[in-house]
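Read through the structure below, which is laid out as structure tokens, and then see the notes.
Quick note: residue numbers are just sequence positions, from 1. As the structure lists them, so they are numbered: ligands from 1, and atoms in each ligand from 1. What you see is a predicted model; the values in this text were computed from it and never measured.
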Amino acid sequence: MAKKFYVTTPIYYPNDIPHIGHAYTTIAADVLSRWHKLNGEKTRFLTGTDEHGKKIQSAAEKQGKTPKEFADELIPKFKDAWKKLNINYDRFIRTTDKEHEKVVQEVLKKVYDKGDIYLGKYEGYYCTACEAYYTEKDLENDCCPIHKTKIEKLKEPSYFFKLSKYQKKLLEFYKKNPEFISPDYRQKEIINRVKEGLNDLSISRTSFDWGIKLPFDKKHVCYVWFDALLNYYSGADGFWPADVHLVGKDILWFHSVIWPAMLLSAGIEPPKKVFAHGWWTFNGEKISKSRGNAINVDELISIAGVDALRYFLFRETPFGEDGDFSKKMLIERYNNELADKLGNLISRVAALAEKYELEKTENKLLKKLKLKEIEKHFEKIEIDRALNEIFAFIDNCNEYVQAKKPWETHYKKVLYELSDSIKAIAILLYPFIPSSSEKIAKQFGFEIGYKEIEKPLKENKIKRAEILFNKIK
Ligand code: MSP
């Protein structure tokens with residue numbers, strides 16, 4: 001039976017158009033999904049939108065719309081952005097989907113029947129922009145530590161989930177599953193916080209109504225995070241448990257503590273891994289709506305095209321750490337790496353191959369490609385390191401051209417080795433730069449599939465083609 005792979009992105013709040021933060025995780029999920037599909041695995045990639053809660057309700061009210069109307073208008077913007085970025089998700093889930101709402105109610109009922117939900121009164125702070133609760137000591141000058149905006153004080157009846165009861169079980173779970181939280185340094189932070197103790201979580205509100213009703217008390221609507229996290233399960237279509245949830249570091253707590261506790265309570269198997277990536281700044285500054293520097297997807301694409309963007313985001317910064325985005329760096333990498341290293345290799349080899357034909361031989365050059373390492377990096381979601389290995393091999397190929405000078409000696413065998421190596425490169429780069437890889441495959445006459453890497457190149461009629469990556473001034 002083919003191996004399965006199930007990857008998710010966070011579901012985004014549709015209160016604004018998608019920006020670099022949304023695009024980053026979604027492209028990462030696409031890279032992983034394409035990699036596993038390339039390997040012939042049964043792959044599932046889920047993304048979508050998080051539509052309930054006060055944040056969406058207030059944004060809709062400001063425009064005189066119902067929350068559903070408001071979300072309906074923004075959803076096409078997300079789908080359109082993902083299409084432009086060449087993202088091949090398998091399903092787009094919305095938390096307003098009827099079958100999702102049903103699953104949330106079923107899970108709430110299970111957790112309630114288990115005795116893990118009780119009625120109390122929430123008294124404390126809440127940031128609607130975060131859709132998160134804060135304690136007095138979290139605040140900075142009475143403001144939300146993330147948004148720096150005045151924080152609301154709530155006092156209302158609320159149902160609580162007995163998160164505290166799961167402290168020990170979670171610690172045992174982390175111990176048994178040492179790869180559950182990645183990267184490693186983030187795992188340590190989370191475990192230390194869990195060891196300090198867990199407060200029960202308020203999971204319902206009565207002061208507004210835009211949400212899923214609690215099945216055991218219709219006056220309450222479910223807390224938006226309890227509802228949203230369940231999308232991964234309700235949208236799994238037989239693929240549960242997820243192999244990896246990709247999330248930003250700011251929402252790791254929800255995914256690595258609250259989420260597995262909810263599942264343990266409901267008797268559902270937890271996901272295999274939660275991977276937290278870092279945050280992008282823009283020219284050294286924090287990206288935020290108020291600063292007006294939340295670069296949208298169209299702007300991102302306009303700099304050097306879709307493939308260049310997809311490439312840059314994983315080349316510039318180790319996946320997991322923070323990075324700084326600048327147009328200058330993107331253009332530099334595009335010119336120096338995609339155009340000079342990869343593009344030149346392809347156009348030189350194609351021009352010579354068109355002239356001299358190839359002679360089949362054992363591809364000794366390919367032995368320099370560290371395929372096993374690349375596989376391992378993908379397994380560990382070290383996307384940038386996989387890319388580094390592929391580019392190290394591109395360097396090997398360019399050195400080989402220099403050393404063998406196939407244009408002086410008409411080395412048909414050398415050209416074969418180089419063309420066959422280009423096949424491997426294009427296949428391995430496919431998850432990152434799918435449309436460029438498809439063009440290379442057409443030009444050199446091979447199929448894109450993992451097994452093709454080690455099959456000898458068949459085609460003997462390679463043609464020059466248009467320049468793949470035109471340099472940008
Ligand atoms: N709706 C919740 C997620 C629920 S998942 C069950 C949410 N939505 S969001 O629209 O705010 O999207 C947040 C995602 O974008 C997070 O993963 C966050 O880390 C990411 N980013 C937002 N700004 C970012 C950067 N500047 N850089 C990288 N990612 C950032 O949270």
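Backbone and side-chain nitrogen or oxygen atoms of K249 are examined, and none is located within less than 3.5 angstrom of a nitrogen or oxygen of ligand 1. Not one N or O of I20 is nearer than 3.5 Å to an N or O of ligand 1, by distance alone. Residue W280 has at least one nitrogen or oxygen atom sitting less than 3.5 Å from a nitrogen or oxygen atom of ligand 1, judged on distance alone.
Nearest to atom 3 (C) of ligand 1 among the protein's heavy atoms is I11 O, 3.2 Å. The nearest protein atom to atom 20 (C) of ligand 1, hydrogens excluded, is given as G21 O, 4.0 Å; this is a heavy-atom distance. Residue, atom and distance of the protein heavy atom nearest to atom 18 (C) of ligand 1 are D250 OD1, 3.4 Å.
Using a 4.0 Å heavy-atom cutoff, H277 is listed among the residues neighbouring ligand 1. Distances from ligand 1 to the non-hydrogen atoms of E131 include no value under 4.0 Å. Contact analysis puts W225 in contact with ligand 1, with a non-hydrogen atom separation below 4.0 angstrom.
Using cut-offs of 30° and 60° on the angle between ring planes, the pair F275 and F319 is parallel. Between F5 and H36, the ring planes lie parallel to each other; the angle is under 30°, not in the 30° to 60° tilted range. Aromatic ring orientation, Y112 versus F216: parallel (interplanar angle below 30°, classes split at 30° and 60°).
Every atom of ligand 1 is numbered from 1 in the order shown, and the set under 4.0 Å from a heavy atom of H19 is 22 (C), 23 (N). Near G278, the atoms of ligand 1 lying under 4.0 angstrom from a non-hydrogen atom of the residue are 28 (C). Of all the atoms in ligand 1, the ones that sit under 4.0 Å from a non-hydrogen atom of A228 are 6 (C). Near G248, meaning under 4.0 Å from any of its heavy atoms, are these atoms of ligand 1: 17 (O), 19 (O). Less than 4.0 angstrom separates some heavy atom of Y12 from each of these atoms of ligand 1: 8 (N), 10 (O), 12 (O). Listed by number with element, the atoms of ligand 1 under 4.0 Å from a non-hydrogen atom of D50 are 1 (N), 2 (C), 4 (C).
Side chain of H255 to main chain of L252: no donor-acceptor pair is present (N/O by atom type, distance under 3.5 Å, no hydrogens or angles).
Looking at D138 and Y125, their side chains never bring a donor and an acceptor atom within 3.5 Å of each other. Y311 and E337 are linked by a side-chain donor-acceptor pair at a separation below 3.5 angstrom, with hydrogens and angles left out of the test. Using modelled atom types, one finds a donor on one side chain and an acceptor on the other under 3.5 Å when comparing S436 with D307.
In this structure, K341 is not positioned above the aromatic face of F391 in the sense of NZ or CZ being under 6.0 Å from the six-membered ring centre and within 45° of the axis.
Taking a cutoff of 4.0 Å between a charged side-chain nitrogen and a carboxylate oxygen, K98 and E101 qualify as a salt bridge.
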Verdict with reasoning, H245 to T8, per side-chain hydrogen bond (donor to acceptor under 3.5 Å, both in side chains): CA-CA 5 Å; H245 294 315; T8 68; 2.8 Å; yes
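Note: F160 CZ to N199 CG = 9.5 Å, rounded to the nearest 0.5 Å.
Neither the backbone nor the side chain of F254 comes within contact range of ligand 1; no heavy atom lies under 4.0 Å. When non-hydrogen atoms are compared, ligand 1 lies under 4.0 Å from the side chain of I251 (C-beta onward) but not from its backbone.
In this comparison of Y13, Y232, F78, the heavy atom closest to atom 10 (O) of ligand 1 sits on Y13.
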